[in-house]
2 protein chains.
Amino acid sequence: MSKNKLSTSDRILQSALQLMKEKGFQPVTIKEIADAANVSEMTIFRHFETKKGVLEAAIERNTVVPGFKQILDKDIVWNLEKDLLQIANLYLDLMKRYESICLIAVQERASMPELVDLVSDNTEQLKGYITAYFNTMQEEGKMKQTDSYTQASIFLATLFSYFISTALWKEKFITVAKEEFIKNSVQTFCYGLQP
Amino acid sequence: MSKNKLSTSDRILQSALQLMKEKGFQPVTIKEIADAANVSEMTIFRHFETKKGVLEAAIERNTVVPGFKQILDKDIVWNLEKDLLQIANLYLDLMKRYESICLIAVQERASMPELVDLVSDNTEQLKGYITAYFNTMQEEGKMKQTDSYTQASIFLATLFSYFISTALWKEKFITVAKEEFIKNSVQTFCYGLQP
DNA sequence: ATAAAATGTTAGTTATCAATAACATACATT
DNA sequence: AATGTATGTTATTGATAACTAACATTTTAT
């Protein structure tokens, strides 16, 4: 194994993720995964023992540690609009990489509640970062005095909305293009929070 | 039937909706629904023939026609903040009533794509209403000149985000209270769009 | 009180699907 | 050539769950 093509187990995991993010864990059958990955069902069981094992391996192989602090700290220029643009893009990029896991977390929130944490931890971490950022900006008089945590929540909520609605329904809900959406929401947000 | 208690079929549909909104259509069994509704499995089949029939009846009995225009037209006072507050509350109330259907639409988007339309139609309709409202406000110089449609999209996206994240994960994502969330997002939005 | 309608009980059918087992084949390494 | 590893094939098991049928019991209406 290891031509320029994917290895067998990678092909299985990729197919599994793709199917599960569309339909959820339970409705996807091993046979479907096998067909999509172009292997026999037996191969899947030999690699991952159980169906659940497939999901677990897929999650493990697709979990990334964000590390906002390192990335952001060096790029922050203490200009509200520029910084929020930066943050917005970073967040949406990260979420894009988490798309499959996030959608499975949605589908399986009743049966695998721990999955949600994997996704919400990122948002929570970033929310903390933005809250601290807002606090500093307010101290320096570069931003209106408001509740930083609430504002951070609203800002991320707007972005999350873009992410989840396109992930779930393509352009059914939000037809505006990503750049347009980010630009306008950051702008409105900034004008609204100017001191 | 028809004490002050629910009728048998209502109890079945209610239990079915409750379970399906948590777990999706396929994973919920007739037995689960029967137990939750305190009837035998046979009763369910006698009322609705098939499992799919249960869902269809539940959807039919829970679909509401919003009619934004009638409700809003008489309450609009052409003050950006007041009107948006009104609209925000109306939208979230409507979505609350659609919560079950919306969550099932999420779970079953692959198997029943038509379900999404039921929910997205409301948002689309309201988006159109708000766009027209913004246009008028801009003509009257009560609002900054921007792309009304994009702004309407962003405004509803923020609200939708609150709705969907609490519907999916309770306070896991958004911990801020509903009123607080609405008040702050409307305020920020308005300050940002003042002429 | 009695008939009719609604619901319960039980047993059974059928289909699907995860998982196992046993054997076959293809291919690479040494 | 011999061995090991990865994969394929086929048959089978066991569990689950939708759905049916036949008969019993309860509830409701007249």
Side-chain angles (χ1 to χ4, degrees), chain A residues 1-61 100 104 107-112 114-115, chain B residues 1-61 100 104 107-108 110-112 115:
Chain A
M1 65 202 103
S2 81
K3 286 279 200 71
N4 62 348
K5 274 289 176 187
L6 289 166
S7 76
T8 304
S9 65
D10 280 339
R11 234 165 47 238
I12 294 170
L13 293 182
Q14 193 178 285
S15 303
L17 261 194
Q18 176 63 31
L19 286 164
M20 287 178 187
K21 90 174 197 185
E22 281 166 17
K23 322 206 304 182
F25 176 75
Q26 218 193 328
V28 173
T29 65
I30 295 286
K31 179 149 181 24
E32 274 181 288
I33 300 171
D35 289 347
N38 230 336
V39 295
S40 79
E41 299 182 44
M42 269 312 299
T43 303
I44 296 180
F45 285 114
R46 278 196 271 249
H47 276 264
F48 306 105
E49 309 241 331
T50 64
K51 186 177 162 189
K52 184 100 187 246
V54 177
L55 175 56
E56 277 159 5
I59 289 169
E60 201 181 343
R61 218 171 287 192
S100 299
I104 296 172
Q107 303 283 111
E108 299 304 321
R109 66 193 185 283
S111 55
M112 310 178 192
E114 72 282 3
L115 249 188
Chain B
M1 70 200 97
S2 80
K3 287 279 200 76
N4 60 350
K5 276 290 178 187
L6 290 165
S7 75
T8 304
S9 65
D10 280 340
R11 233 165 48 239
I12 293 170
L13 293 183
Q14 195 179 286
S15 304
L17 263 193
Q18 176 63 31
L19 286 164
M20 287 177 187
K21 91 173 195 185
E22 281 166 17
K23 322 204 305 181
F25 176 75
Q26 219 194 329
V28 173
T29 67
I30 295 287
K31 178 146 180 29
E32 273 182 289
I33 301 172
D35 288 348
N38 229 336
V39 296
S40 79
E41 299 181 45
M42 269 311 297
T43 303
I44 296 180
F45 285 115
R46 278 196 272 247
H47 275 266
F48 306 106
E49 310 241 334
T50 65
K51 187 177 161 188
K52 184 100 187 245
V54 177
L55 175 57
E56 277 160 5
I59 288 169
E60 201 181 345
R61 218 170 287 192
S100 300
I104 296 172
Q107 303 282 114
E108 300 304 321
S111 55
M112 312 178 193
L115 249 189

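Reckoned from all heavy atoms, side chains included, excluding hydrogens, waters and symmetry mates. Below, chains carry the letters A, B, ... as their sequence lines are ordered, and counting in each starts from 1.
- Between the CD atom of Glu49(B) and the P atom of dA21(D) there is a distance of 12 Å, rounded to whole Å.
- Glu32(B) contributes no side-chain N or O that, together with a main-chain N or O of Leu19(B), makes up a donor-acceptor pair within less than 3.5 Å.
- Taking atom CD on Glu32(B) and atom C1' on dT16(D), their separation rounds to 12 Å, with Å as the unit.
- When rounded to the nearest whole Å, the span between NZ of Lys52(B) and C1' of dA17(D) equals 17 Å.
- In this structure, Leu19(B) places its CG atom 13 Å from P of dA17(D), rounding to the nearest Å.
- No more than 12 heavy atoms of other residues, nucleotides or ligands shown are found within 6.0 angstrom of CD on Glu60(A).
- Contact check, Ser40(B) against dG8(C): a side-chain N or O comes under 4.0 Å of OP1 or OP2.
- Looking at every heavy atom in both residues, Glu108(A) comes nearest to Phe25(A) through OE2-N, 2.8 Å.
- Defined by atom type and a distance below 3.5 Å, a donor-acceptor pair is present between the side-chain atoms of Gln18(A) and Glu22(A).
- As a whole-Å value, the separation of Lys51(A) NZ from dT16(D) P is 14 Å.
- Atom P of nucleotide dA6(D) and atom CZ of Phe48(A) are separated by 13 Å, given to the nearest angstrom.
- Sequence order on DNA chain C of the closest nucleotides to Asn38(B) and Glu41(A) puts Asn38(B) first from the 5' end.
- Among the nucleotides dG8(C), dA19(C), dC19(D), the one closest to any side-chain atom of Val39(B) is dG8(C).
- Look at NZ on Lys31(B): it is 10 Å from P on dA17(D), rounded to the nearest Å.
- With hydrogens and angles disregarded, no donor-acceptor distance shorter than 3.5 Å links the side chain of Lys23(B) to the backbone of Gln107(B).
- OP1 or OP2 of dT7(D) has at least one side-chain nitrogen or oxygen of His47(A) nearer than 4.0 Å.
- One can place CG of Asp35(A) at 12 Å from P of dA18(C), the figure rounded to the nearest angstrom.
- Considering only side-chain N and O atoms, Thr43(B) lies under 4.0 angstrom from the phosphate OP1 or OP2 of dG8(C).
- Where Gln26(B) and Arg46(B) each meet DNA chain D at their nearest nucleotide, the meeting point lying more 5' is that of Gln26(B).
- Side-chain atoms of Met42(B) lie closest to dT20(D) of the nucleotides dC17(C), dT20(D), dT9(D).
- Among the protein residues, Val54(A) comes within range of no part of the nucleic acid, since none of its heavy atoms lies under 4.0 Å from any strand.
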